[in-house]
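Bear in mind the structure is a predicted one, so any value in this text is a computation, not a measurement. What's counted below: heavy atoms across the whole structure, side chains too, no hydrogens, waters or symmetry copies.
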Amino acid sequence: MKYDFNTVVNRTGTGSLKWKNAEKILNKPCTIPPLSTADMEFVACPSVVSQIEEAMHHQGVFGYTSCPDGYTKTVVNWLKEEHQFDCGEAWILQTFGVIQAIHHIVNCFTSVGDDIIIQTPVYHQFKKIINHTQRNCVENALRIVGGRYEMDFDDLEQKAKSAKMLILCSPHNPIGRVWTIEELKRVQEIAEKNNLLVVADEIHFDFILDGKHTVFANLMKDNVILCTSPSKTFNLAGLNLANIIIPNQGIKKKLEEHLENEDVHYQTYFGYHACMGAYSNEGRVWKNELTQVIQNNFDVFKKFIEESLPTCTLFHLEGTYLAWLDCNGLGYSEDILIEMLNKEEIFVDRGSTFGHNGTGFIRINLACPTSVIFEVIERFKKCFVNKI
């Protein structure tokens with residue numbers, strides 16, 4: 001490979017959130033990277049670094065920042081070339097991050113007590129936002145059919161009758177599904193029938209290992225808000241920038257006015273430039289190599305689970321860099337399971353974080369050098385020696 005996906009970076013003392021959390025539990029520095037919070041353990045893409053360096057030295061002024069020349073065109077080109085989505089530059093609104101954007105979208109387009117649908121198990125921040133804003137969280141629980149998660153459309157149709165919003169996770173975190181165009185068309189039909197605003201969180205859309213991602217706004221344009229960011233693909237969460245795509249200009253204007261009134265319409269200087277460096281030809285090559293690394297890491301871990309822990313079920317990874325493992329067959333409670341893993345310095349996310357139907361599962365971050373996955377496997381063997 002052209003780029004470095006092998007160096008293991010020691011992030012102790014750098015302020016890394018997941019490293020600090022793990023070291024707080026250990027009460028000592030980590031000896032291997034935690035596989036929890038969804039950021040990556042790779043040296044940054046060179047085009048991102050060079051763009052930031054150029055921005056730093058260009059004028060040396062880091063005041064309040066608005067969208068620089070050429071930025072929206074760069075985003076439009078990425079969406080077109082990577083996702084076959086024709087996006088107008090006027091559709092793009094920048095925010096501080098996807099989660100912050102969803103928080104303001106909920107406040108802007110719904111009222112206290114309104115029903116908002118999420119599809120569990122799902123990224124825990126969705127429910128947190130709904131509860132924090134005093135809306136009513138309605139769960140359209142996903143079903144496991146033939147070893148694969150599917151949407152329960154009958155249940156979704158019933159709950160859509162009283163709801164104001166659906167937060168769609170596509171690709172889905174944590175289960176790793178890439179929704180088919182047929183599934184998304186069914187969501188579209190239900191949403192349009194019930195005048196449901198769809199907030200499509202597609203932050204993982206650059207990581208497709210199996211299947212084809214369909215941008216939801218390619219199917220539905222009048223009542224949709226598409227949330228994207230380079231933060232997952234290029235590990236830029238610390239630079240705080242998201243691109244919110246809103247085809248309906250009335251909806252976009254309403255959200256812009258809300259953000260202006262809340263005085264949260266500023267973004268970071270380096271975030272803009274990092275995104276332009278990421279959404280480049282070099283960024284594309286780097287991303288494609290990274291996807292191969294993630295696929296290999298999944299294959300290595302899958303082989304171990306199938307051969308050594310067959311009572312566990314590892315769900316097929318179609319998209320994202322997050323493996324979803326059902327550990328209920330081991331016979332431990334979730335608390336005991338996590339405690340055992342932590343003793344071996346294996347830090348993952350507990351499944352119940354993503355909903356009650358995730359209890360006994362764990363989410364494993366595969367965005368790390370393959371040597372780390374091999375080391376984690378050895379520690380799994382020590383942890384579950386009586387089960388192997």
Side-chain angles (χ1 to χ4, degrees), residues 63-68 71-72 75-76 79 85 87-119 122-138 160 162-170 187-188 191-192 194-203 205 215-217 220-232 236-269 271-272 275:
Y64 291 116
T65 302
S66 62
C67 186
Y71 177 84
T72 53
V75 175
V76 165
L79 292 169
F85 178 57
C87 175
E89 290 190 53
W91 301 358
I92 304 173
L93 173 65
Q94 292 82 44
T95 69
F96 205 60
V98 166
I99 290 306
Q100 292 87 346
I102 293 175
H103 193 286
H104 288 289
I105 289 165
V106 166
N107 272 327
C108 183
F109 296 101
T110 68
S111 301
V112 170
D114 282 348
D115 287 353
I116 299 177
I117 301 171
I118 61 173
Q119 297 176 303
V122 73
Y123 183 46
H124 65 283
Q125 291 285 1
F126 296 165
K127 185 173 184 177
K128 185 176 180 180
I129 290 169
I130 294 167
N131 290 340
H132 179 73
T133 55
Q134 301 178 55
R135 274 61 171 173
N136 182 36
C137 185
V138 177
S162 61
K164 294 294 181 64
M165 179 181 292
L166 165 67
I167 302 177
L168 174 70
C169 195
S170 178
V187 173
Q188 172 201 2
E192 289 179 344
N194 295 278
N195 194 30
L196 196 64
L197 176 63
V198 178
V199 179
D201 178 358
E202 301 190 17
I203 197 169
F205 69 168
V215 174
F216 193 73
M220 177 177 171
K221 288 187 167 61
D222 286 339
N223 211 18
V224 64
I225 298 176
L226 171 63
C227 300
T228 75
S229 173
S231 64
K232 284 290 176 283
L236 305 179
L239 295 179
N240 298 107
L241 180 70
N243 296 301
I244 310 305
I245 316 297
I246 311 175
N248 184 313
Q249 292 303 284
I251 291 176
K252 180 172 180 275
K253 182 179 179 181
K254 184 174 180 179
L255 183 58
E256 285 177 319
E257 290 173 349
H258 170 86
L259 295 174
E260 185 76 29
N261 290 336
E262 293 292 315
D263 201 27
V264 291
H265 53 289
Y266 299 111
Q267 282 69 57
T268 67
Y269 175 78
Y272 282 116
C275 184

Could you check if a side-chain atom of [X] sits within less than 4.5 angstrom of a side-chain atom of [Y], using non-hydrogen atoms only?
| X | Y | value |
| --- | --- | --- |
| Cys67 | Gln94 | yes |
| Phe109 | Leu255 | yes |
| Arg135 | Val106 | yes |
| Leu226 | Ile246 | no |
| Val76 | Ile92 | yes |
| Ile225 | Ile251 | yes |
| Val187 | Leu166 | yes |
| Ile102 | Val199 | yes |

Sequence neighbours left out, what passes side chain to side chain contact (heavy atoms under 4.5 Å, CB included) with [X]? Give chain and number order.
| X | answer |
| --- | --- |
| His104 | His258, Leu259, Glu262, Val264 |
| Asn131 | Lys127, Cys137 |
| Thr65 | Tyr269, Tyr272 |
| Lys164 | Thr110, Asp114 |

Do you know which two heavy atoms are closest between [X] and [Y], and how far apart they sit?
| X | Y | answer |
| --- | --- | --- |
| Ile245 | Cys87 | CG2-SG, 3.6 Å |
| Ala101 | Ile244 | CB-CD1, 3.6 Å |
| Val224 | Pro247 | O-CD, 3.9 Å |
| Pro230 | Cys275 | CG-SG, 3.7 Å |

Reported [atom1]-to-[atom2] distance for the pair [X] and [Y], which is rounded to 0.5 angstrom:
| X | Y | atom1 | atom2 | value |
| --- | --- | --- | --- | --- |
| Phe96 | Leu241 | CZ | CG | 9.5 Å |
| Phe216 | Phe205 | CZ | CZ | 15.5 Å |
| Phe126 | His103 | CZ | NE2 | 13.5 Å |

Quiz prompt | Sequence-distant partners of Asp115, salt bridge (Lys or Arg N to Asp or Glu O under 4.0 Å), two or more places apart | solution =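 Not a single residue meets the salt bridge (Lys or Arg N to Asp or Glu O under 4.0 Å) criterion with Asp115.
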Practice problem: For residues 239-248, pull every pair meeting side-chain hydrogen bond (donor to acceptor under 3.5 Å, both in side chains), keeping only residues two or more places apart or in separate chains. | Solution: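 Passing the test, one end in residues 239-248: Tyr71-Asn243.
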Tell me, please, which residues at least two apart from [X] pass side chain to side chain donor-acceptor pair (under 3.5 Å).
| X | answer |
| --- | --- |
| Thr95 | none |
| Gln249 | none |
| Asp201 | none |
| Ser231 | Ser229 |

Quiz item: So with a 6.0 Å cut-off around NZ of Lys128, is the heavy-atom count from everything else above 12?
Solution: no
Quiz prompt | Backbone of Ile99 reached by a side-chain donor or acceptor of Gln125 within 3.5 Å | solution =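 Such a contact is absent between Gln125 side chain and Ile99 backbone.
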Exercise. May I ask you to decide if Leu239's main-chain N or O and Thr268's side chain share a donor-acceptor pair within less than 3.5 Å?
Key: yes
Quiz item: Taking Ile116 as the fixed residue, which of Val138, Ile129, Ile130, Leu197 is the one that meets the side-chain contact (heavy atoms from CB on, under 4.5 Å) rule?
Solution: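 Passing option: Ile130.
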Practice problem: Mind jotting down which residue pairs meet the salt bridge (charged side-chain N to carboxylate O under 4.0 Å, His left out) criterion with at least one end in residues 89-106? Sequence neighbours excluded, please. | Solution: none
Self-check item: Residue pairs, two or more places apart or on separate chains, that pass salt bridge (charged side-chain N to carboxylate O under 4.0 Å, His left out) and touch residues 242-259
Solution: Lys252-Glu256
Quiz prompt | Intermediate values then yes/no, side-chain contact (heavy atoms from CB on, under 4.5 Å), Asn223 and Val198 | solution = CA-CA 6 Å; Asn223 211 18; Val198 178; over 6 Å; no
